[in-house]
Structure formats: C-alpha cells, structure tokens
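Before any comments, here is the structure.
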Amino acid sequence: MKPAQIIFRHAPPSPAVVARIQQELDRLERHGAGIEHCRVVVEVPHPHRRHGFPYRIEIELHVRGKDIVVHHAPPLRRLKEEVPAGSRELAAEAAHKDVYVTIRDAFEHAARLLEDRKRRRVAAVRKARARASGPVPFSPR
C-alpha cells in the first residue's frame with residue numbers, strides 16, 4: 001500500500017494524530033484487505049463552532065476496483081441518557097471531544113465494511129464453484 005494521504009482541515013497537522021491513523025491503517029492491512037490507496041480527512045470545527053460536531057473523520061479506501069467511503073461524525077442517539085434533554089450539542093461534544101476516539105470509531109466502521117465486502121466475495125466464489133461443478137448425483141445406499 002502506498003502511504004496514506006492525511007489531510008487536516010481547520011487545524012495544523014499533528015504528528016501524534018498521523019501516527020494513530022497510520023496504526024489504524026496497519027491494523028486494517030493485517031486483515032488482508034488489499035488496500036491500494038487511502039485518503040483520510042480530519043476535520044476540526046472553526047473556533048466559533050465549538051459546540052456541535054467537534055471532530056469529523058472521512059476515510060476513502062480504494063480496494064481492488066472498489067471505493068469504500070466512511071463519513072464519521074459523533075453519534076447523538078447513544079448519548080441521550082448521559083446528557084440533559086435539549087442539549088444535543090453538548091452530547092456531541094461529550095462523545096467526541098477526543099480526536100482519538102473519533103479515529104477509532106471511524107476505523108472500526110471501515111473494518112466492518114471491509115469484512116462485509118470480504119464475506120460477500122467469498123460467498124460469491126463458493127456459489128460460482130457450486131454452479132460450475134453441477135448438481136451432486138444421488139446415490140442410494
């Protein structure tokens with residue numbers, strides 16, 4: 001795999017964040033994903049938009065003729081119990097105040113998509129082999 005293209009929007013590049021993204025990419029490669037190209041965008045909000053979606057990660061993977069894209073922003077639905085009603089912005093901020101948590105969640109989602117793709121490819125190969133071999137003859141005992 002070529003080195004990943006890592007882009008920071010509205011923030012200076014951080015060597016620690018780049019290292020973490022590279023670790024996550026290496027973990028994806030260990031699963032035998034066959035990633036040919038990767039582009040990761042780390043978006044930090046403008047200073048006047050601190051409430052809302054603190055970090056947003058976009059991952060674009062090119063895997064053997066197919067593009068897989070993950071847009072990840074903090075989920076609001078699983079935090080309703082932790083935050084008072086009516087403060088959705090605070091819920092989002094509490095969820096992904098840390099960029100490393102956002103990176104972890106985005107790459108977990110990408111790993112699930114790659115595993116699903118792998119599972120579908122294996123099933124298609126098995127189905128094609130079964131069709132090619134023809135029906136199994138019946139032999140009574």
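Any value given below was found using the heavy atoms of this structure, including those in side chains, with hydrogens, waters and symmetry copies removed.
Two residues are said to be in side-chain contact when any heavy atoms from C-beta on lie closer than 4.5 Å; Tyr100 and Val17 meet this criterion. Phe8 has its side chain out of reach of Val44: every pair of non-hydrogen atoms, C-beta onward, lies at least 4.5 Å apart. Contact check for Gln22 versus Val18: no side-chain heavy atoms found under the 4.5 Å cut-off. At least one side-chain heavy atom of Glu58 sits less than 4.5 Å from a side-chain heavy atom of Arg39.
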Verdict with supporting geometry, His71 and Arg56, side-chain contact (heavy atoms from CB on, under 4.5 Å): CA-CA 8 Å; His71 299 281; Arg56 195 184 121 115; 3.4 Å; yes
Show your reasoning for whether side-chain contact (heavy atoms from CB on, under 4.5 Å) applies to Arg129 and Val125. CA-CA 6 Å; Arg129 285 183 183 163; Val125 167; 3.8 Å; yes
Quick one: do Lys66 and Arg117 satisfy side-chain contact (heavy atoms from CB on, under 4.5 Å)? Show the steps, please. CA-CA 10 Å; Lys66 180 163 172 97; Arg117 182 178 184 274; 3.5 Å; yes
Glu29 vs Leu25, side-chain contact (heavy atoms from CB on, under 4.5 Å): CA-CA, chis, key distance, verdict: CA-CA 6 Å; Glu29 272 298 312; Leu25 283 170; 6.0 Å; no
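Scored by the side chain to side chain donor-acceptor pair (under 3.5 Å) test, Arg9 finds no partners at all (sequence neighbours excluded). For Arg112, there are no salt bridge (Lys or Arg N to Asp or Glu O under 4.0 Å) partners at least two apart in sequence or on another chain. Taking the salt bridge (Lys or Arg N to Asp or Glu O under 4.0 Å) definition, one finds that Glu24 meets it with Arg20, Arg27, sequence neighbours left out. Every residue meeting the salt bridge (Lys or Arg N to Asp or Glu O under 4.0 Å) condition with Arg119, not counting sequence neighbours, appears here in chain and number order: Asp116. Applying the side chain to side chain contact (heavy atoms under 4.5 Å, CB included) rule to Leu113 yields the partners Ile68, Val70, His109; only residues at least two apart in sequence or on another chain are considered.
Here Val69 sits alone; no ILVMFWY side chain lies under 4.5 Å from its own, so it joins no hydrophobic cluster.
Ile21 pairs with exactly one of Val42, Ile57, Val99 by the side chain to side chain contact (heavy atoms under 4.5 Å, CB included) rule, that one being Val42.
Residues Ile7 and Leu61 fall into different hydrophobic clusters, defined by Ile, Leu, Val, Met, Phe, Trp and Tyr side chains chained together at heavy-atom separations under 4.5 Å. In this structure, Ile59 is not a member of the same hydrophobic cluster as Val41, with clusters built from ILVMFWY side-chain heavy atoms closer than 4.5 Å.
Atom CD of residue Glu36 and atom NE2 of residue His62 lie 4.5 Å apart, to the nearest 0.5 angstrom. Remark: Leu28 CG to Gln23 CD distance equals 12.5 Å, nearest 0.5 Å.
Considering every non-hydrogen atom in both Ala106 and His72, the closest pair reads CB-CB, 3.7 Å.
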